[in-house]
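Residue numbering restarts at 1 for every chain, and letters A, B, ... go by the order of the sequence lines. Predicted model, so just to flag it, every value in this text is computed and none were measured. These numbers come from the heavy atoms of this one structure, side chains and all, not from hydrogens, waters or symmetry mates.
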Number of protein chains: 2
Amino acid sequence: MIQEHLLYLFGAEKLFFLKGEQIFNEEQQAVSYYQITKGEVKMNNFNDDGKEFIQGIFLKGQSFGEPPLFSEVKYPANAEALTDCEVLRLSKERFLALLKVHPEEHLKITAALAKRLYYKAIMASELSSQEPEHRILRVLDYLKDHVHNLKEPFSFELDLTRQQIADLTGLRVETVIRATKSLEKKGELKIKNRKLYR
Amino acid sequence: MIQEHLLYLFGAEKLFFLKGEQIFNEEQQAVSYYQITKGEVKMNNFNDDGKEFIQGIFLKGQSFGEPPLFSEVKYPANAEALTDCEVLRLSKERFLALLKVHPEEHLKITAALAKRLYYKAIMASELSSQEPEHRILRVLDYLKDHVHNLKEPFSFELDLTRQQIADLTGLRVETVIRATKSLEKKGELKIKNRKLYR
DNA sequence: AAAAGTTTATGACCAAAGTCATAATTTAAA
DNA sequence: TTTAAATTATGACTTTGGTCATAAACTTTT
């Protein structure tokens, strides 16, 4: 998102995380800006009875966990490496200093937040619909369009397990399995040896 | 949010809406910044079968509908006057010009977006929990803490109908009626001649 | 190659929220 | 002040997604 050379100029450090490692957790005060240079990261919460909810999945080039940098609050969720990955980290103070000196980067950040808010809003209303099939399709379309930027039908090969889809939609694995099969029958999805295409 | 005199300086106009009037709808391209000087506004969507979902409620001093001003998209929801109200409107171009000239106002906007994103994220995970009572409490607490800034127990007198609570939580009226009664029994809510207190 | 672990799959049952019908109560309008 | 409309309330019934148990098909590890 922010140009890498600028991040380095302001003192960013490069960090490495192995698949499954936690980058930060929701208990912590937010003190750094993070931007991915390699790999994938997910942000998630666990509710009272241990069920996971995936807030979002972030790819190379994207930043995550910025919102709390603009106020004195904790992270809204945990961040965990979905694959081995490489991340640039910049302290909150330096991040804000960078934005001050580079208004065009500030505008990019604002635009990124706005975009995310936009889709969170759309998702909120879509997910309030109870029908599992509807919820699944909307989440998949969101990932397809706005995370991977794919347009062609069935061009999106999901590398998500049914469990992960469940965690993204707030449903149960069994429900996701049944719903995806039903969606395949309706021609909304394709399943080729267990892999999902949308 | 943005200082009023600045808005006027950049050519904002004052508009009046009657209770129930629509300020913009989700079909429209976003072309203006809006800030409330009197009254309340809600943003909502209607899903395929006509069920309403309330995205948020905004009070005097707050702005709404800004996210799409940072990209070329439509509004994520409709905006409707909840009470008679007075609103300042500034065109997108002038709004962006204002931010350019006044970085401190830009930062305020970014912070506001960040804050909203933060709570949308928390809400998303809370609302993925299926239990109606939990969903209702979380929405009410959100309104109490972050819209009305109230802290004392039962200091928040809801001026929402059961139907509106249903629309905020994605539940049905009957479910809300039953759940609120159950919550009262548990001491989580108070009901004084049909009015809810939290 | 075998064993252990994941992920996908399927059926039976249950609980809980939705649906529908109807009515009481409150509020707004004529 | 009546009438009409909206809101709250309650019961009966239905649907649907969750739960639990079990198994098959893949993957990964040993």
Side-chain angles (χ1 to χ4, degrees), chain A residues 18-20 47-54 82-84 126-140 157-186 189-198, chain B residues 18-20 42 47-54 80 82-84 126-140 157-186 189-198:
Chain A
L18 294 175
K19 176 177 175 179
N47 71 11
D48 309 331
D49 37 284
K51 193 169 179 313
E52 180 177 10
F53 180 79
I54 299 181
L82 264 183
T83 64
D84 291 357
E126 296 284 7
L127 294 184
S128 86
S129 134
Q130 312 293 28
E131 302 105 66
E133 299 188 12
H134 193 252
R135 297 171 70 143
I136 292 172
L137 283 186
R138 290 295 79 74
V139 168
L140 296 192
E157 175 184 335
L158 280 91
D159 58 343
L160 296 171
T161 65
R162 309 289 194 272
Q163 182 60 60
Q164 286 177 313
I165 297 174
D167 296 336
L168 279 162
T169 50
L171 301 166
R172 308 288 147 162
V173 214
E174 298 94 325
T175 306
V176 171
I177 290 170
R178 285 161 183 148
T180 46
K181 293 205 160 173
S182 160
L183 284 168
E184 193 202 14
K185 266 199 202 107
K186 292 177 186 167
L189 286 179
K190 274 193 183 148
I191 308 185
K192 238 180 255 172
N193 60 341
R194 297 178 153 207
K195 268 215 149 325
L196 294 176
Y197 296 82
R198 169 67 179 172
Chain B
L18 294 175
K19 177 177 174 176
K42 76 171 167 187
N47 70 12
D48 310 330
D49 37 284
K51 191 170 181 312
E52 181 178 11
F53 179 79
I54 299 180
E80 182 186 316
L82 265 183
T83 64
D84 292 356
E126 296 284 7
L127 293 185
S128 85
S129 134
Q130 312 293 27
E131 301 103 69
E133 299 187 10
H134 192 251
R135 297 171 70 143
I136 292 172
L137 283 186
R138 290 296 79 74
V139 167
L140 296 192
E157 175 184 333
L158 281 91
D159 57 343
L160 296 171
T161 65
R162 308 291 194 269
Q163 182 61 59
Q164 286 177 312
I165 296 174
D167 296 337
L168 278 161
T169 50
L171 300 166
R172 308 287 146 162
V173 213
E174 297 95 326
T175 306
V176 171
I177 290 170
R178 286 163 183 148
T180 47
K181 292 205 160 174
S182 158
L183 284 168
E184 193 203 14
K185 266 196 204 110
K186 294 176 185 167
L189 287 178
K190 274 192 183 150
I191 307 184
K192 238 180 254 171
N193 60 341
R194 297 180 153 205
K195 266 212 151 329
L196 293 177
Y197 296 82
R198 168 68 178 172

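Atom-to-atom, CD of B:Glu52 to P of D:dT7 comes out at 11 Å; the value is rounded to the nearest Å. Computed from coordinates, the B:Leu160 CG to D:dA6 P distance equals 18 Å when rounded to whole Å. Summarising the geometry, the separation between NZ on A:Lys19 and C1' on D:dT28 is reported as 11 Å, rounded to the nearest angstrom. A:Lys51 has its NZ atom 8 Å from the P atom of D:dG18, to the nearest Å. Separating the CD1 atom of A:Ile165 from the P atom of C:dT8 is a distance of 8 Å, rounded to the nearest angstrom. Put simply, CG on B:Asp159 is 17 Å from C1' on D:dT8, counting in whole angstrom units. Taking atom CD of residue A:Gln163 and atom C1' of nucleotide D:dC26, one finds them 17 Å apart after rounding to whole Å. Look at NE2 on A:His134: it is 16 Å from P on D:dT16, rounded to the nearest Å.
Contact check, B:Arg162 against D:dT7: no side-chain N or O comes under 4.0 Å of OP1 or OP2.
Looking at B:Leu137 and B:Arg198, their side chains come closer than 4.5 Å, going by heavy atoms from C-beta outward.
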Protein heavy-atom contacts under 4.0 Å, written 5' to 3' over nucleotides 10-27 of chain C as B (base), S (sugar-phosphate only) or - (none), form the string BBB----SSBB----SS-
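Applying the side-chain hydrogen bond (donor to acceptor under 3.5 Å, both in side chains) test to every pair with at least one member in residues 160-169 of chain A, sequence neighbours left out, gives these pairs: A:Gln163-A:Asp167. Among residue pairs with one or both ends in residues 130-139 of chain A, those qualifying as salt bridge (charged side-chain N to carboxylate O under 4.0 Å, His left out) are A:Glu133-A:Lys186, A:Arg138-A:Asp141; sequence neighbours excluded.
Residues passing the side chain to side chain donor-acceptor pair (under 3.5 Å) test with B:Thr83: none are found, sequence neighbours excluded. Judged as a side chain to side chain donor-acceptor pair (under 3.5 Å), and not counting sequence neighbours, B:Arg178 has no contacts. Residues passing the side chain to side chain donor-acceptor pair (under 3.5 Å) test with B:Glu80, sequence neighbours excluded: none.
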